[in-house]
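Take a look at the structure set out below.
Computation of the quantities below employed the complete heavy-atom set of this structure, encompassing side-chain atoms and omitting hydrogens, waters and symmetry-equivalent molecules. One-based numbering, in listed order, for ligands and for the atoms of each. Residues: numbered from 1 along the sequence shown.
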Amino acid sequence: MSDALKIGVIGGNGWLGGAIVQAVLDARLAPPEELTLSYRGERPARFQGVRWTTDNQELADRSDLIIVSVRPAHWPSVAISATGKLVVSVMAGIPLSRLTVQLRTDRVVRALPNAAAEVGKSYTPWVASPAASERDRSIVRRIFEACGSTDEVTSEADIDYLTGLSGSGPAFPALLANAMMQNALTHGLGPQVARRAVAAVLIGTGRLLERHGESPVETVKTFLRYQGTTAAAIEAMRAAGFDAAVAGGLAAAFKKSVSMGQSS
Ligand SMILES: NC(=O)C1=CN([C@@H]2O[C@H](COP(=O)(O)OP(=O)(O)OC[C@H]3O[C@@H](n4cnc5c(N)ncnc54)[C@H](O)[C@@H]3O)[C@@H](O)[C@H]2O)C=CC1
Ligand SMILES: O=C(O)[C@@H]1CCC=N1
C-alpha cells in the first residue's frame with residue numbers, strides 16, 4: 001500500500017470501527033498520523049497519534065479512503081461530500097446506490113466484517129461499484145485481510161444474506177455455548193468448570209476446522225457414522241428442530257438486513 005494513503009473512519013471509536021483501526025495499525029497499512037477518526041460525545045483517548053474529529057467533512061477532506069462505520073440508524077446524519085474518494089461502508093443493509101447518492105462518489109464498496117475483527121479473525125465479504133478501480137479493490141482486500149479473511153462477491157443480495165450468516169455469525173456459536181452452559185449448570189457442574197469446558201469446545205472446534213479444512217458436512221457425517229454418544233446427541237438435537245431453527249434465524253437476519261437498508 002502506498003505510504004501516502006490517508007484513511008478516515010467515521011465512527012472510529014465504535015465496536016467495529018475501533019477493531020478495524022486497530023487491525024490497520026497492527027498490520028502497518030497506515031501510520032497513526034495518516035488516520036483521521038470521527039466520534040460523537042466525549043473525545044476518545046485511544047489510538048495514540050491519530051487525529052480525532054467531530055467534523056466528518058474535515059475527515060473526508062483529509063482522507064483518500066473513507067470507512068463508514070456508524071449504525072444504520074445514524075447513517076442519515078453522515079452528510080458529507082466524498083467526491084473523488086473511495087468509500088467503504090461496513091453498515092448492515094445500506095445499499096451501494098444510497099451510498100453513492102448521499103456521499104456523492106461513485107467509487108463505493110459495501111463490506112460486512114464481523115465481531116471477530118477484534119482478534120484478526122473476521123470473515124469479510126464485500127462488493128464494489130463498477131467505478132471502483134483495481135487499485136481500490138486491492139486496498140479493500142488489504143484492509144480486510146488485516147482483519148481476517150475476505151472475499152469479493154458479485155451481488156448485493158449475497159452481502160445481505162452474508163450479513164446474517166457471517167456478519168451476525170459469531171453470535172450463533174455463542175448462543176450454542178450459552179445453551180450448553182445453562183445445561184451444565186442445571187446438571188450441577190460448577191460454573192468455572194462449565195465455562196472452561198464450553199469455551200475449550202468452541203476454540204478447539206474452530207482450530208480443527210481450520211487445520212483439516214474439511215466441510216462441516218463431513219465432520220457431522222464422521223460423528224454420525226461413529227454411532228456413539230455424539231451421534232445420539234446430534235440425532236436428538238435434529239429431531240428437536242435444530243436445522244430448522246438455524247435456517248429460521250438466518251432468514252430473519254437476511255430479512256432484517258434488507259429492511260434496515262430501506263428504512264434507515
Ligand atoms: N458490531 C458488529 O459485530 C458488526 C457491525 N457491523 C456494522 O458496523 C456498523 C457499526 O457498528 P458498531 O461498531 O457495532 O456500532 P457502535 O455503536 O459500537 O459504533 C458506532 C459509532 O459511531 C459513532 N457515530 C454515530 N454517528 C456518528 C456520526 N455522525 N459521526 C461520527 N461518529 C458517529 C457512535 O458514537 C459510535 O461510537 C453498523 O452499521 C453495523 O451494522 C457490521 C458487521 C458486524
Ligand atoms: O447485529 C447487527 O445489526 C450487526 C450487523 C451484522 C452484525 N452485527
Shortest protein contact, [atom] (heavy atom only):
atom: atom 31 (C) of ligand 1; value: S38 OG, 3.3 Å
atom: atom 1 (O) of ligand 2; value: S168 OG, 4.6 Å
atom: atom 3 (O) of ligand 2; value: M260 CE, 4.3 Å
atom: atom 18 (O) of ligand 1; value: W15 N, 2.9 Å
atom: atom 44 (C) of ligand 1; value: P113 O, 3.5 Å
atom: atom 5 (C) of ligand 2; value: A92 CB, 3.8 Å
atom: atom 35 (O) of ligand 1; value: R40 CB, 3.7 Å
atom: atom 20 (C) of ligand 1; value: S69 O, 3.5 Å
atom: atom 29 (N) of ligand 1; value: S77 OG, 3.0 Å
atom: atom 22 (O) of ligand 1; value: G11 CA, 3.4 Å
atom: atom 8 (N) of ligand 2; value: G167 O, 4.4 Å

Flag [X] as yes when one of its N or O atoms lies below 3.5 Å from any N or O atom of ligand 1, and as no otherwise.
X: V70; result: yes
X: G167; result: no
X: L16; result: yes

Which atoms of ligand 1 sit under 4.0 Å from any heavy atom of [X]?
X: A92; answer: 39 (O), 41 (O)
X: V90; answer: 6 (N), 7 (C), 8 (O), 42 (C)
X: L112; answer: 43 (C)
X: A115; answer: 3 (O)
X: G14; answer: 13 (O), 18 (O), 19 (O), 21 (C), 37 (O)

Is a donor on one side and an acceptor on the other found under 3.5 Å between the side chain of [X] and the backbone of [Y]?
X: S129; Y: V108; result: yes
X: W75; Y: L99; result: no
X: D151; Y: P125; result: no
X: S257; Y: F254; result: no

Can you see whether T36 engages R51 through a side-chain donor-acceptor pair at a distance of less than 3.5 angstrom?
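No - no donor-acceptor pair under 3.5 Å links their side chains.
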Under 3.5 Å, is there a donor on one side chain and an acceptor on the other for T53 and E58?
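A pair is found: one side chain offers a donor N or O, the other an acceptor, under 3.5 Å apart.
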Salt bridge (charged side-chain N to carboxylate O under 4.0 Å, His left out) assessment of R110 paired with D160
CA-CA 10 Å; R110 227 184 118 183; D160 279 320; 2.8 Å; yes
Taking every non-hydrogen atom, the tightest pair across [X] and [Y]:
X: Y123; Y: N114; answer: N-ND2, 3.6 Å
X: E235; Y: L224; answer: OE2-CD2, 3.8 Å
X: G164; Y: A253; answer: CA-CB, 3.4 Å
X: I159; Y: V153; answer: CD1-CG2, 3.7 Å

Any idea which part of [X] is under 4.0 Å from ligand 1, heavy-atom wise: side chain, backbone, both or neither?
X: P170; value: neither
X: T54; value: neither
X: N56; value: side chain
X: H74; value: side chain

Can you tell whether the side chains of R141 and E134 come within less than 4.0 Å, N to carboxylate O?
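Looking at E134 together with R141, the answer is yes, because their closest N to O distance falls below 4.0 Å.
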Using a strict threshold of under 4.0 Å (side-chain N to carboxylate O), is an ion pair present between E210 and K121?
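Yes.
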Under the salt bridge (charged side-chain N to carboxylate O under 4.0 Å, His left out) criterion, do D243 and R238 qualify, and how do the steps go?
CA-CA 6 Å; D243 291 344; R238 284 188 152 167; 3.1 Å; yes
In this structure, does ligand 1 have an atom that sits under 4.0 Å from one of the heavy atoms of G41?
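It does not; every heavy atom stays at 4.0 Å or beyond.
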Apply the test side chain to side chain donor-acceptor pair (under 3.5 Å) to residues S77 and R40: give CA-CA distance (whole Å), side-chain angles for both, the deciding distance (0.1 Å), then the verdict.
CA-CA 11 Å; S77 72; R40 272 181 167 180; 3.1 Å; yes
Specify whether the nearest protein heavy atom to atom 33 (C) of ligand 1 is under 4.0 angstrom away.
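It does; a protein heavy atom is within 4.0 Å.
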Considering only heavy atoms, which of E42, M260, R71 lies nearest to atom 15 (O) of ligand 1?
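Among E42, M260, R71, the closest heavy atom to atom 15 (O) of ligand 1 belongs to R71.
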